[in-house]
Amino acid sequence: MAEYQKTLLVYLDIMGFRKLIEESEKDPTKVDLIVAILRKTQKQASLSFKTTVSSRVSVDAMEPRNFSDLMLRITPLGIGPMQFRTAMMNECAILAWIQCELFLSSGILLRGAMCIDDLHVEEDIVFGPALVKAYQLEASVAVFPRIVVDAKSCLLHGTEELTPPQFDQYVQRGDDGAYFIDYLHHNYINMLFMSEFKTYDKQFLAQHKMQVEMKLREFATKDDRTKQKALWLALYHNSVVRRVIAENPVTKDTYVKLLISEAQLRI
């Protein structure tokens with residue numbers, strides 16, 4: 001009998017993909033670009049690792065599901081708090097890596113949502129409240145190039161609130177109150193993130209600035225809604241640089257140069 005299972009679900013979407021499809025109708029070279037983007041994002045979205053937290057409790061992510069520019073990462077959960085915490089921290093870390101790597105290497109912007117709810121999964125079927133919730137969060141809350149985290153189901157799961165020290169290194173709260181994966185700061189403080197993944201060059205904050213500046217120039221001629229996405233990204237970059245300086249004031253002279261200027265923000 002088919003049934004639901006409590007699941008940690010991540011819903012990821014490639015931003016600007018619809019526009020790229022439209023452009024490909026008149027520019028055949030864009031088809032090659034689309035193929036390259038999908039192959040890269042599918043490879044990144046398949047990242048996972050198994051963590052055993054006791055002799056009887058383990059956390060295994062299922063193979064990701066890809067539908068054109070949409071990716072689903074699915075992790076079935078048990079009821080134990082240890083399994084839940086481990087799954088959450090693993091997924092936050094991997095998402096931070098995926099988002100940062102795709103943007104730095106290819107300028108690919110992701111938007112998405114993570115939540116916990118019931119889900120039914122078969123080979124060619126995925127449905128349930130978790131998918132509906134994640135879709136709604138991605139569409140109406142994420143808005144900008146960020147992966148939002150549903151506070152009610154993820155950060156307040158069960159009867160015990162997850163304390164801030166456990167997730168401060170992964171999750172940031174935006175001015176609109178939404179929690180999201182703090183990919184840039186997390187990867188700055190974990191440059192040797194995981195041995196099986198490529199590590200960042202120590203100048204990766206400068207690389208991130210260059211990519212953001214490219215997006216600002218690219219979106220400068222777009223509509224206001226699109227411009228807001230680039231501006232959010234630039235302001236997020238600046239907020240991380242300022243946090244880095246505050247955490248280590250001796251770096252100020254080095255890192256203040258990595259701030260995106262007010263003039264650049266006037267697009």
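Starting from 1, each residue takes its place in the sequence as its number.
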For [X] and [Y], work out which heavy atoms get closest and say how close.
X      : Y      : answer
Arg111 : Ala142 : CG-CB, 3.4 Å
Ala130 : Cys115 : O-SG, 3.4 Å
Val149 : Ile181 : CG2-CD1, 3.9 Å
Ala113 : Ala134 : CB-O, 3.5 Å

Carefully, step by step, assess Glu91 and Leu8 under the rule side chain to side chain contact (heavy atoms under 4.5 Å, CB included). CA-CA 9 Å; Glu91 193 63 17; Leu8 174 63; 3.8 Å; yes

For the [atom1] atom of [X] and the [atom2] atom of [Y], what is their distance to the nearest 0.5 Å?
X      : Y      : atom1 : atom2 : result
Leu9   : Asp150 : CG    : CG    : 11.0 Å
Ile94  : Met89  : CD1   : CE    : 12.5 Å
Asp117 : Leu77  : CG    : CG    : 11.0 Å
Asn90  : Leu95  : CG    : CG    : 10.5 Å
Thr254 : Leu205 : OG1   : CG    : 11.5 Å
Ile98  : Leu12  : CD1   : CG    : 6.5 Å

Before accepting this row, confirm whether a basic side-chain N of the pair [X]/[Y] lies closer than 4.0 Å to the acidic partner's carboxylate O.
X      : Y      : value
Arg146 : Asp176 : yes
Arg243 : Asp182 : yes
Arg266 : Glu262 : no

Going by atom types alone, do [X] and [Y] pair a side-chain donor with an acceptor below 3.5 Å?
X      : Y      : value
His185 : Glu247 : yes
Thr251 : Asn248 : no
His208 : Tyr183 : yes

Stepwise, does the side chain to side chain contact (heavy atoms under 4.5 Å, CB included) test hold for Leu109 with Ile14? CA-CA 6 Å; Leu109 294 175; Ile14 302 172; over 6 Å; no

Backbone N/O of [Y] and side chain of [X]: donor-acceptor pair under 3.5 Å:
X      : Y      : value
Thr226 : Lys222 : no
Ser239 : His237 : no
Lys215 : Gly107 : yes
Tyr11  : Val132 : no
Gln172 : Tyr179 : no
Lys227 : Leu216 : no
His186 : Gln169 : yes

Would you say [X] and [Y] make side-chain contact, with heavy atoms under 4.5 Å?
X      : Y      : result
Val212 : Phe103 : yes
Val126 : Leu119 : yes
Met15  : Leu110 : no
Met114 : Met88  : yes
Val244 : Ile189 : no
Arg242 : Leu259 : yes
Ile116 : Lys6   : yes
Ser261 : Gln264 : yes

Check for me, please, whether [X] and [Y] land in the same ILVMFWY cluster - side-chain distances under 4.5 Å, paths through other members count.
X      : Y      : value
Ile260 : Met210 : no
Ile267 : Leu265 : yes
Trp232 : Met214 : no
Tyr4   : Ile125 : yes

Does CG belonging to Asp175 count more than 12 external heavy atoms closer than 6.0 Å? no

Around atom OH of Tyr135, are there more than 12 heavy atoms of other residues, nucleotides or ligands at under 6.0 Å? no

Kindly determine whether Val148 and Val143 satisfy side chain to side chain contact (heavy atoms under 4.5 Å, CB included), including the steps that lead there. CA-CA 9 Å; Val148 296; Val143 183; over 6 Å; no

Residue pair Phe180, Phe144: steps toward the ring pair (Phe, Tyr, Trp, His ring centres under 6.0 Å) verdict: CA-CA 10 Å; Phe180 64 94; Phe144 308 110; 9.6 Å; no

